2 protein chains.
Amino acid sequence: MKTKDSKIPEATIKRLSTYVNYLGRLGTDSNPVISSEMLGESCQVSPAQIRKDLSYFGEFGVRGVGYDTKKLEAEIKDILGINHSWPTTVVGVGKLGQALLNFDFFRKHGFRIIVAFDSDPRKIGTKITDDIAILPTNDIENIVNEKKISIGIITTPTDWAQDVADKLVAGGIKGILNFAPIKVKVPESITLRNVSITSELDNLAYLLTQKKRQ
Amino acid sequence: MKTKDSKIPEATIKRLSTYVNYLGRLGTDSNPVISSEMLGESCQVSPAQIRKDLSYFGEFGVRGVGYDTKKLEAEIKDILGINHSWPTTVVGVGKLGQALLNFDFFRKHGFRIIVAFDSDPRKIGTKITDDIAILPTNDIENIVNEKKISIGIITTPTDWAQDVADKLVAGGIKGILNFAPIKVKVPESITLRNVSITSELDNLAYLLTQKKRQ
DNA sequence: CTAACAATGTGATAACTGTCACACAGTCGT
DNA sequence: ACGACTGTGTGACAGTTATCACATTGTTAG
């Protein structure tokens, strides 16, 4: 895979995720080939946008024909880096944490949950689903380091998020996905993404309010 | 509140949500006034960006001084429309749905959960927390219509999402927040936001892969 | 009262992102 | 073998969003 340019819009990555997700759920047998127009229809993106997005990374289609469905899926997975298996941990085994742990998405997209952490003594020592142990949050640094865990998902209450982030960083984590509604601070070298559910709800409220006011 | 222009960047709304969330968690007594520099420090946004964001909606600060913390919080809440109480329903009482239902965020940000829906017969008829009933998904249209519910949150498995969306729309819903990893289709008049957890994970994987490759 | 100061609000500018039109390459029918 | 056709890939353009510098305005001290 060749990256022509280092300046890829974040929105492009988001859309690539949409594409690959759709392709994965598409019956590859009945649709061996797909055009940017068809894909755009399903993902609600303009055909030109799709071609542009893909063009950042190379040429994956055949002119006059379209894209080989299975091949395109594999290519995008390669671009996104979801064809390896990232050692991952979830910190905070509340309802949200459990939802993520049960999510079969992880298996499909190359995230391997190694272990979970929580501070509730009643949860510590128990196991999630198959064989994911729940350990105390104080062990985060050691375990992350020892098991070479590269991704940490924070699903704790707001007040604990920064502390947990610090512990993950101390253990040598590479990337963090934070679900707590604050922007945790981490060193420059750590890749961080914040998923703000509250922000999405606020945004919805705003759009509805606009509609009402106009 | 005056809206100077109708073309507000979506990113601005997202940041306003961050600001108001931070202000809400700030001890208003010890910080009666806050500058764009201080707020920017906490929210990891440049001071100029904050002033620009606010300037779309009016003038809320005092030159040479800063912003009245409590007043600014109230103003942003007004802008976002999270000072009313939106009648809301959650469809899909799995782990993710339960996580949201237990989320005390709703109370604070003006979303009032009226009822929940699920298709699992074992869940139907039971209640969540205080007094939120779980009804069968077939009742969605009637209940949404009858109770004048304006916001629907979809936390069902992927395959059910479109069907649920259709039912919500049929019942006269105003806005939908969709957590299923597909882009559901709704009429133009319905406000829709997709929260794609999978997309966030893919994005994280991409960023980590980039770092590895370079 | 006046001058020094502090932090906002905003017009101008730069950077980024998406749209469009069309050249180009591969396919299929005759 | 060749021409009509189809859908990709991309350079040019337009629109959007963020950054910057500074004029502006209220505060405070002497």
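Residue numbers begin at 1 in each chain, while the letters A, B, ... track the order of the sequences. Just so you know, these numbers come straight off a predicted model, no measurement behind them.
Surrounding CD of B/Gln44 are more than 12 heavy atoms belonging to other residues, nucleotides or ligands, all under 6.0 Å away.
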Which atom pairs link the protein and nucleotides 28-30 of chain C when you take only N or O atoms and keep those under 3.5 Å?
none

At a cut-off of 3.5 Å, list every protein nitrogen or oxygen paired with a nitrogen or oxygen from nucleotides 20-26 of chain C, distance to 0.1 Å.
| unit_1 | atom_1 | unit_2 | atom_2 | d |
| --- | --- | --- | --- | --- |
| C/dC24 | O2 | A/Arg63 | NH1 | 3.1 |

Write down the protein N/O and nucleotide N/O pairs, taken from nucleotides 15-17 of chain C, whose separation is under 3.5 Å; answer none if there are no such pairs.
| unit_1 | atom_1 | unit_2 | atom_2 | d |
| --- | --- | --- | --- | --- |
| C/dC16 | OP1 | A/Lys7 | NZ | 3.3 |
| C/dC16 | OP2 | A/Lys7 | NZ | 2.7 |

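Among pairs with a residue in residues 166-176 of chain A, those fulfilling side-chain hydrogen bond (donor to acceptor under 3.5 Å, both in side chains) read A/Gln162-A/Asp166, A/Asp163-A/Lys167, at least two apart in sequence or across chains. Under the side-chain hydrogen bond (donor to acceptor under 3.5 Å, both in side chains) criterion, the residue pairs touching residues 178-196 of chain A are A/Glu10-A/Arg193, A/Asn178-A/Asn194, A/Thr191-B/Lys211, A/Arg193-B/Glu200, A/Ser196-A/Thr198, with sequence neighbours excluded.
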Side-chain polar contacts of residues 143-154 of chain B - donor-acceptor pairs under 3.5 angstrom, sequence neighbours left out - could you list them?
| unit_1 | atom_1 | unit_2 | atom_2 | d |
| --- | --- | --- | --- | --- |
| B/Lys148 | NZ | B/Asn145 | O | 3.3 |
| B/Ser150 | OG | B/Pro87 | O | 3.4 |

Could you pull out all donor-acceptor pairs under 3.5 Å where a side-chain atom in residues 60-67 of chain B meets a protein atom, sequence neighbours excluded?
none

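Side-chain contact between B/Phe57 and B/Leu16: present, with at least one pair of heavy atoms (C-beta onward) separated by less than 4.5 Å. You'll find the side chain of A/Ile182 stays beyond 4.5 Å of the side chain of B/Tyr22, heavy atoms only. A/Thr88 places none of its side-chain heavy atoms less than 4.5 Å from the side chain of A/Ile114.
Listed by chain and number, the residues in a side-chain contact (heavy atoms from CB on, under 4.5 Å) with A/Asp118 are A/Val93, A/Asp120, A/Lys123, A/Ile134 (sequence neighbours excluded). Every residue was checked against the side chain to side chain donor-acceptor pair (under 3.5 Å) condition with B/Thr18, not counting sequence neighbours, and none meets it. Taking B/Arg15 as the reference, B/Thr12, B/Asp53 meet the side chain to side chain donor-acceptor pair (under 3.5 Å) condition, with sequence neighbours excluded. Scanning for side chain to side chain donor-acceptor pair (under 3.5 Å) contacts around A/Thr89 gives an empty result, with sequence neighbours left out.
Heavy-atom distances under 4.0 Å link DNA chain C to B/Ser35, B/Ser36 of residues 35-43 of chain B, given in residue order.
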